[in-house]
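Accompanying notes for the structure given below.
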Amino acid sequence: MTTGHERSLTQIKFNAEGDLLFSCSKDHIINVWFSHNGERLGTYEGHNGTVWTIDVDSQSRFLVSGSADNQLRLWNVSNGKCLYVWEFPTAVKRVVFSDDDDKVVCITEQRMGHQGAIRVFRLNRDGDGTDQPREPEHMFHPIGSKATVCAFTYMPNIILTGHESGKVALFDVVTGTETENNERAHMDTVTDLQLSPDRTYFVTSSKDKTARLHDTKTLRVLKTYSTETPLNSAALSPNKPYVSVNCLFVSPIFELKTIQILLGGGQEAMQVTTTSLRQGKFETRFWHKVFEEEVGRVKGHFGPVNTIAVHPSGTCYASGSEDGFVRVHHYEESYFRAKPYGDLEIED
């Protein structure tokens, strides 16, 4: 358990190797930790508002962050230096690197008469990273329900979005047109969206108390994991077939590399002080990805789980909560030996 934040966590992310864990919070701070022992390696300071979102590139060279101070910042991971600042009329609620690390997509909030916008920046990776284009390569305003989460897909110039209405959609970033949508993917706000390693399917969590697995190309719902509480996050586990909820954590369905889904969440933060630990359901829940059955729960937090991330090799997972703590859970050997569904062999 790590204690480097004074307020609730908003997002956590492992780097590609899994040796570093990044966390951001409402205390305006970004921290980086060693994932194997929870020791804090450093802090990225500069934002003047809640840091809503972070992402790190595949080389662990650059970190991007979006904040309520209306800024998107580019950081040097190794020394904590802020390399560039983009400023917008409203808060940055989501930021994600492309698979090749050359682009960054961000969502800015719809507020104070300003439309919600999605911007794609092409990063200049030459030199020390301080010479960046001020204007986005592409920018558009999604029509209708505002976007809350986004990600690059495996299809060129196509990004995936989740919306306040529960819709998921595909957009062509060049033209700004919606090429595909599923208006009834969820019945309430999409709170998290995480892609499988090959980006052919993805998992979402929602305030409608469900997490769902979708096909990236068609947006068809493949599996549904139902709970009794609103869900804040969902993630994929690479080596087991489970999903974790209340911060959902899902593993690949088609390759059967993972059959678990992790879900995280809990009740609204404003109701926490009047509710016992048991009633609040402040736990991470594991679901079998294919059979849609709950297979386990992990307790520990004293508030709703806001965000979950899984180690790239599937050896552990991390959760960040309203209580201000980041908990890193390393699986015991028995976890990898367990065969709750018999001799189901994993195919490569």
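Because the structure is a prediction, the values reported are computed rather than measured.
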Testing the 3.5 Å rule here: is there a donor-acceptor pair between the side chains of Asn31 and Thr43? yes

Report whether Val77 and Phe97 are members of the same hydrophobic cluster (ILVMFWY, side-chain heavy atoms less than 4.5 Å apart, transitive linking). no

If you apply the rule side-chain hydrogen bond (donor to acceptor under 3.5 Å, both in side chains), what do you find for His311 with Ser35, and how did you get there? CA-CA 9 Å; His311 190 284; Ser35 62; 4.5 Å; no

Considering only heavy atoms from C-beta outward, does the side chain of Val173 approach that of Phe140 to under 4.5 Å? yes

May I ask you to decide if the ring planes of Phe121 and Trp86 are parallel, tilted or perpendicular, using 30° and 60° as cut-offs? tilted

The reported gap from CG in Leu123 to CD in Gln132 (rounded to nearest 0.5 angstrom) is 5.0 Å

Going by an N to O cut-off under 4.0 Å, is there a salt bridge joining Asp101 and Arg61? no

Quick one: does Thr307's side chain have a donor or acceptor within less than 3.5 Å of a partner on Ile12's backbone? yes

Could you tell me whether the side chains of Thr216 and Arg199 share a donor-acceptor contact shorter than 3.5 Å? no

With rounding to the nearest 0.5 angstrom, report the CD to CE distance, Glu180 to Met155. 9.0 Å

Taking Val51's backbone N and O only, do any of them form a donor-acceptor pair with Thr10's side chain (distance below 3.5 Å, no angle check)? yes

Do Trp52 and Val95 come within less than 4.5 Å of each other through their side chains, counting heavy atoms only? no

Return yes if some donor-acceptor pair links the side-chain N/O of Glu109 with the main-chain N/O of Ala91 below 3.5 Å, else return no. no

Got a sec: does the CD of Glu333 have more than 12 other heavy atoms crowding it under 6.0 Å? yes

Among His28, His47, Lys93, which one satisfies side-chain contact (heavy atoms from CB on, under 4.5 Å) with Ser67? His47

Looking at side-chain heavy atoms only, is the closest gap between Pro89 and Met112 below 4.5 Å? no

side-chain contact (heavy atoms from CB on, under 4.5 Å) test vs Ser205 passes for just one of Val190, Leu193, Leu231, namely Leu231

Would you find more than 12 non-hydrogen atoms of other residues, nucleotides or ligands less than 6.0 Å from Arg111 atom CZ? no

Heavy-atom pair of closest approach, residues Ser23 and Trp33: OG-NE1, 2.9 Å

Is there a path from Leu213 to Leu219 through hydrophobic residues (I, L, V, M, F, W, Y) whose side chains come within less than 4.5 Å of each other? no

Same cluster for Leu160 and Val105 if Ile/Leu/Val/Met/Phe/Trp/Tyr side chains link at under 4.5 Å? no

Looking only at non-hydrogen atoms, find the nearest pair between Ser321 and Pro304 and report the distance. OG-O, 2.9 Å

Please determine whether the number of non-hydrogen atoms from other residues, nucleotides or ligands lying under 6.0 Å from atom CD of Glu292 exceeds 12. yes

Thr148 and Glu164: side-chain hydrogen bond (donor to acceptor under 3.5 Å, both in side chains), yes or no, with the steps? CA-CA 6 Å; Thr148 54; Glu164 202 172 52; over 6 Å; no

State, with a plain yes or no, whether a side-chain heavy atom of Ser60 is found less than 4.5 Å away from one of Phe22. no

Do you know which two heavy atoms are closest between Pro136 and Arg119, and how far apart they sit? CB-CB, 4.0 Å

Separation of Tyr225 OH from Glu294 CD (nearest 0.5 Å): 13.0 Å

Evaluate the ring planes of Trp75 and Tyr44, with Trp represented by its six-membered ring, and classify them as parallel (under 30°), tilted (30 to 60°) or perpendicular (over 60°). perpendicular

CA sep, side-chain torsions, deciding dist, call: Thr204, His214, side-chain contact (heavy atoms from CB on, under 4.5 Å): CA-CA 8 Å; Thr204 55; His214 313 255; 2.8 Å; yes

Val32 reachable from Ile30 in the ILVMFWY side-chain graph, under 4.5 Å edges: yes

State, yes or no, whether a side-chain contact exists between Val64 and Asp57 at a heavy-atom distance under 4.5 Å. no

Taking the side chain as C-beta and beyond, is there a heavy-atom pair between Phe34 and Leu20 under 4.5 Å? yes

Between Phe14 and Cys316, what is the shortest heavy-atom contact and its length? CZ-SG, 4.1 Å

Test question: given the 4.5 Å side-chain rule for I, L, V, M, F, W and Y, name all other residues clustered with Met139, or answer none. none

How many angstroms lie between atom CG of Leu21 and atom NE2 of His36, to the nearest 0.5 angstrom? 12.5 Å

Between Glu87 and Asn70, is there a side-chain heavy-atom distance shorter than 4.5 Å? no

Single-linkage hydrophobic cluster, 4.5 Å side-chain cutoff, Val92 and Val96 together: no

Grab the two heavy atoms, one from Thr227 and one from Thr229, that are nearest each other, plus how far apart they are. OG1-O, 2.9 Å

Determine whether Phe202 and Thr153 make a side-chain contact, defined as any pair of heavy atoms from C-beta on separated by less than 4.5 Å. no

Mind listing the closest non-hydrogen atom pair of Val305 and Asn232 along with its distance? O-ND2, 2.8 Å

Kindly indicate, with the supporting measurements, whether the criterion salt bridge (charged side-chain N to carboxylate O under 4.0 Å, His left out) is fulfilled by Asp55 and Arg94. CA-CA 9 Å; Asp55 198 16; Arg94 195 73 163 195; over 6 Å; no

